[in-house]
> 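My questions all concern the structure below.
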Amino acid sequence: MNKRDARLLELREILSVEIDASMLNLALTHRSYAYEHGGLPHNERLEFLGDSVLGIVVTDTLYRTYPDLPEGQLAKLRAAVVNARALADVARTLDLGSYLLLGRGEETTGGRDKLSILADAMEAVIGAVYLSAGPSGSSELVHRLFDPLIRASALLGAGLDWKTSLQEAAANAGLGLPDYQVKDSGLDHEKEFDARVVIAGEPLGFGHGRSKKVAEQEAAEQAYRALIERAAAR
């Protein structure tokens, strides 16, 4: 058994679910590595599949667990669980970054702990489990990894939608509507976004993310917490 096979076996034992070794290796192959090695297959198709599998399992769980919640609240709960930050956090609990195959550029710029790469790889692993173990196997994995997040998200309150919560807090303080200012950077297929939110002329929150929505939510969280702290200090 070579070193790579040994590492894959190690991860399969950590995942504790049926998964084909070659499929798992594919799920861990970033496009930067694939391009540097002559155009090998990479994990983006599995990522696409895993995103859908994760979404349906979490949605089904929310629907059954919280029968009295309206659609809007269920959507907020799902968004709190199915997002890049949550996926990356789960990936870190598995030390998924250490198993990735990355190109030299990503390797030297901290790709093993980059939020977008970890989130994509986590979805790809879920997709690989779905193809290897079917709906039941992938559902079991998602429940084991994400049910704790679902329970925690149900207690978040304002954190379910920071932008809405910030808008309400700003209105209650007589400060008007938050103004979001967003800049993007990077290549078209690898864009990242920086956001800041200004309230009554004052920048109160900053955020960064792979999408405009993620960056704005992060900025809104900072600003919301700042407003709440100010209100408590009065």
> Not counting sequence neighbours, which residues clear side-chain hydrogen bond (donor to acceptor under 3.5 Å, both in side chains) with R12? List them please.
none
> Does the pair R210/D120 count as a salt bridge with the N-to-O cut at 4.0 Å?
yes
> Can you list every ring pair (Phe, Tyr, Trp, His ring centres under 6.0 Å) pair that touches residues 24-47, not counting sequence neighbours?
Y33-H37, Y35-H42
> Can you sort out the partners of L177 under side-chain contact (heavy atoms from CB on, under 4.5 Å), two or more places apart, ordered by chain and number?
Q167
> Would you say that more than 12 heavy atoms from the other residues, nucleotides or ligands in this model lie under 6.0 Å from the CZ of R112, or not?
yes
> Test side-chain hydrogen bond (donor to acceptor under 3.5 Å, both in side chains) on H208 and E218 and set out the steps.
CA-CA 7 Å; H208 177 83; E218 188 172 296; over 6 Å; no
> Is there a donor-acceptor pair closer than 3.5 Å between any side-chain N or O of R78 and the backbone N or O of G55?
no
> Of all residues at least two apart in sequence or in a different chain, which pass the side-chain contact (heavy atoms from CB on, under 4.5 Å) check with E168?
T164
> What residues form a salt bridge (Lys or Arg N to Asp or Glu O under 4.0 Å) with R104, not counting sequence neighbours?
E36
> Write out all pairs satisfying salt bridge (Lys or Arg N to Asp or Glu O under 4.0 Å) with one or both partners inside residues 48-73, taking only residues at least two apart or from two chains.
D60-R64
> Return the set of residues passing salt bridge (Lys or Arg N to Asp or Glu O under 4.0 Å) with E13 (not counting sequence neighbours), or none when no residue passes.
none
> Given salt bridge (Lys or Arg N to Asp or Glu O under 4.0 Å), test E221 with R225 step by step and report yes or no.
CA-CA 6 Å; E221 177 183 357; R225 294 187 187 281; 3.1 Å; yes
> Assess the side chains of R151 and T65: does a donor N or O sit below 3.5 Å from an acceptor N or O?
no
> Residues in side-chain contact (heavy atoms from CB on, under 4.5 Å) with N25, at least two apart?
R4, L8, T29, L101
> Quick one: side-chain contact (heavy atoms from CB on, under 4.5 Å) partners of L227, sequence neighbours excluded?
L166, A169, A170, L175, I199, L204
> Tell me every residue that passes side-chain hydrogen bond (donor to acceptor under 3.5 Å, both in side chains) with E140, counting only those two or more places apart in sequence or in another chain.
R144
> Does anything in residues 102-151 form a ring pair (Phe, Tyr, Trp, His ring centres under 6.0 Å)? List the pairs, not counting sequence neighbours.
none
> Taking all heavy atoms of A86 and all of L149, pick out the closest pair and write down the distance.
CB-CD1, 4.0 Å
> Tell me whether the count of non-hydrogen atoms from other residues, nucleotides or ligands lying under 6.0 Å of NZ in K191 goes above 12.
yes
> Same cluster or not: V198 versus Y180, using hydrophobic residues (I, L, V, M, F, W, Y) connected whenever any side-chain heavy atoms lie under 4.5 Å apart?
no
> For V182, which fellow cluster members are found when Ile, Leu, Val, Met, Phe, Trp and Tyr are connected by side-chain heavy-atom distances below 4.5 angstrom, either directly or through intermediates?
F193
